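All remarks here apply to the structure that follows.
Proteins come first, then strands; the chains are lettered A, B, ... in the order of their sequence lines, and each starts at number 1. In this text, all values refer to a predicted model and were calculated from it rather than measured experimentally.
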There are 2 protein chains.
Amino acid sequence: MPKIGVKDTRKQQLIDAAMESIAELGMQNTTIVSISKRAGLSSGIISHYFGGKQGLIEAALRHLLDQLGKELRVRMANNDGTPEQRLNCIIESNFSEFQRSALAAKTWLSFWARAMHEPGLKRLQQINNARLYSNLRYSFAQVMAPDEATAAARQTAAMIDGFWLRSALSLDPQENFEAGERLCKRFVQESLAQARAQASKTNS
Amino acid sequence: MPKIGVKDTRKQQLIDAAMESIAELGMQNTTIVSISKRAGLSSGIISHYFGGKQGLIEAALRHLLDQLGKELRVRMANNDGTPEQRLNCIIESNFSEFQRSALAAKTWLSFWARAMHEPGLKRLQQINNARLYSNLRYSFAQVMAPDEATAAARQTAAMIDGFWLRSALSLDPQENFEAGERLCKRFVQESLAQARAQASKTNS
DNA sequence: TTTTATTGATTGAACGTTCAATTAATAAAA
DNA sequence: TTTTATTAATTGAACGTTCAATCAATAAAA
């Protein structure tokens, strides 16, 4: 028998190498060779483990989404249930270290573009978008009227994605990401403050 | 001499065809044949007018940016100088009919992704990002303290781009664009209202 | 005729996929 | 222990396809 338990290791190696290649060369210039060389493996191995280049690309996106989900779950577990804290958690997990790395940022953007014309990727992307939105909406709805919560959630989701996009395209992504995180949190704070002011006025 | 004035016509035909192809097939599957066929011309003509496929791609992006700039200038000319009105103009021009079409949306996203790895496109993209930001900041600064204006401009710019992105990726781009425009305007309104409240408090 | 515009067949490079061959780790047999 | 059989893991050359770019040939205007 050959080495056993190597399968998952190899798969992860290839996924990492794929993201490195996409970040460095772009989706456009990422080839089976550019990936396998980075992983220190042969070109054939990609088809062996993922059925082809396309399969590896999808696996890489799934991996990014998993990271994002895990990030959120960890942070959610470590706080009480204040809407304010939960919203901060959501923002933080979207800007967390892993996600913030230039590697991930560039890879995301490539995926977004490709998702528009490949149903497999598009579905994954939409699930993720819907999750961000509904997480936000749930917390806002505990403090606001339904309509207000919907609006605030949509605005926040757009702001998060917008800062991501602009940061990835900027000359200094790191700095832009940090500023983006701060400004998203500030927006949420002020939305909540205004909602509370509104509520106390209605009650009196 | 040959037909005169055909040059610009052909160039525009090819730019339109390129955007159609990118919107339909994605940047990935757009070839000089898929473009030239849509334009009803031969494949060789692209190199003749644009020096190659890459040249046409850049010209198409430049065209999109020009449209955006023209859109803004027209709207700016038709209003007085209230910061509120100017900000609405900026938002409207970013969501205007031309820009809103699924064609433009898909093309934009493809450009964004590609811009990250091609200096020529990246420069164009950054000029555009900087213009949106500084237009916004200028108007906010007439009502707010400098720091506040910077923050509001950054938030608004991110929200605009974010709604663009999420709309382009959504199942119903049209509806999402419209909602996005409304919510961007609402955000600006509330930012201005809060700034004025702050100002009157400070004065008294 | 001269100049410009346009075509479309051709070329050569690049790419993803396939697969026969090799390697190396384990299990079973001697 | 040593030998043999078995099999997953891995390689990389070969193949067929796709594509951008080229260019000789043609058409049409001046």
Side-chain angles (χ1 to χ4, degrees), chain A residues 1-61 110-111 113-114 117-121, chain B residues 1-61 110-111 113-114 117-121:
Chain A
M1 289 260 198
K3 286 186 205 167
I4 55 173
V6 160
K7 200 169 164 179
D8 288 344
T9 308
R10 290 283 171 278
K11 281 192 162 190
Q12 194 55 52
Q13 277 180 355
L14 289 169
I15 287 174
D16 291 344
M19 293 199 295
E20 279 171 33
S21 176
I22 292 172
E24 257 182 65
L25 310 173
M27 187 74 84
Q28 155 105 334
N29 299 316
T30 288
T31 68
I32 279 198
V33 172
S34 80
I35 297 171
S36 53
K37 193 173 268 180
R38 254 158 256 261
L41 295 167
S42 74
S43 61
I45 204 69
I46 289 175
S47 294
H48 180 250
Y49 279 123
F50 295 96
K53 185 189 177 187
Q54 181 61 21
L56 174 52
I57 300 288
E58 288 192 22
L61 175 54
S110 297
F111 279 133
R114 193 142 167 167
H117 299 96
E118 280 179 21
L121 295 184
Chain B
M1 289 272 190
K3 290 181 204 171
I4 54 171
V6 163
K7 197 169 166 180
D8 288 344
T9 308
R10 291 280 172 277
K11 280 191 161 190
Q12 194 55 53
Q13 276 181 353
L14 289 168
I15 287 175
D16 291 343
M19 293 199 295
E20 279 171 33
S21 176
I22 292 171
E24 257 181 65
L25 310 174
M27 187 73 84
Q28 154 105 332
N29 299 316
T30 288
T31 67
I32 55 175
V33 172
S34 79
I35 296 171
S36 54
K37 193 174 268 180
R38 253 159 257 260
L41 296 167
S42 73
S43 61
I45 205 71
I46 289 176
S47 292
H48 179 250
Y49 280 122
F50 295 96
K53 186 189 178 189
Q54 181 60 21
L56 173 52
I57 300 288
E58 287 192 24
L61 175 54
S110 297
F111 280 133
R114 196 151 165 157
H117 300 96
E118 280 178 21
L121 295 184

Response to the item:
A:I32 atom CD1 is separated from C:dT17 atom P, nearest whole Å, by 5 Å
Practice prompt. Let me know the distance between NZ of A:K37 and C1' of D:dG12, rounded to the nearest Å.
Written response: 13 Å
Worksheet, complete the sentence: Winner on side-chain proximity to A:S42, out of C:dT6, D:dA21, D:dG12, is D:dG12
Discussion item. Pairing check on C:dA30: which nucleotide meets the Watson-Crick or G-U wobble criteria with it, both distances under 3.5 Å?
Written reply: D:dT1
Discussion item. Do A:E20 and A:I35 have side chains that approach each other closer than 4.5 Å (heavy atoms only, starting at C-beta)?
Written reply: no
Worksheet item: Taking CG from B:L56 and P from D:dA21, how many angstroms apart are they, rounded to a whole number?
Response: 11 Å
Response to the item:
Assert: residue with more 5' nearest nucleotide on DNA chain C, out of A:G51 and B:Y49, is B:Y49
Item to complete: Decide whether B:S36 and B:S42 meet the rule of one side-chain donor and one side-chain acceptor closer than 3.5 Å.
Response: no
Item to complete: Identify the two heavy atoms, one from A:S43 and one from A:I32, that lie closest to each other, and give their separation to 0.1 Å.
Response: O-CG2, 3.5 Å
Worksheet item: For A:I46 and D:dA9, what is the distance between atoms CD1 and C1' respectively, to the nearest whole Å?
Response: 15 Å
Item to complete: May I ask you to say what B:T30 touches in the nucleic acid, namely base, sugar-phosphate or nothing, with a heavy-atom cut-off under 4.0 Å?
Response: sugar-phosphate
Fill in: Distance, rounded to the nearest Å, where A:F50 contributes CZ and C:dT17 contributes C1'
16 Å
Worksheet entry | Any donor-acceptor N or O pair under 3.5 Å, side chains A:Q54, A:E118 | yes
Practice prompt. To the nearest Å, give me how far apart NZ (B:K53) and P (D:dT18) are.
Written response: 15 Å
Worksheet item: Tell me: CG of A:N29 to P of C:dG16, nearest whole Å?
Response: 11 Å
Discussion item. Closest-nucleotide mapping onto DNA chain C: is B:I45 or A:G52 further toward the 5' terminus? I mean the 5' end.
Written reply: B:I45
Practice prompt. Counting heavy atoms from C-beta on, name the nucleotide in C:dG16, C:dT7, D:dT11 closest to the side chain of B:L41.
Written response: C:dT7
Worksheet item: Judged by modelled atom types alone, do A:Q12 and A:D16 share a side-chain donor-acceptor pair under 3.5 Å?
Response: yes
Worksheet item: Taking the side chain of B:H48 as heavy atoms from C-beta outward, which of C:dT18, C:dG16, C:dA5 is closest to it?
Response: C:dA5
Worksheet item: Given C:dT6, is OP1 or OP2 found less than 4.0 Å from the side-chain N or O atoms of B:R10?
Response: yes
Worksheet item: Can you tell me how far P of C:dT17 sits from CD1 of A:I57, to the nearest Å?
Response: 10 Å
Item to complete: Classify the nucleic acid contact of B:T31 as base, sugar-phosphate or nothing, counting any heavy atom under 4.0 Å across all strands shown.
Response: sugar-phosphate
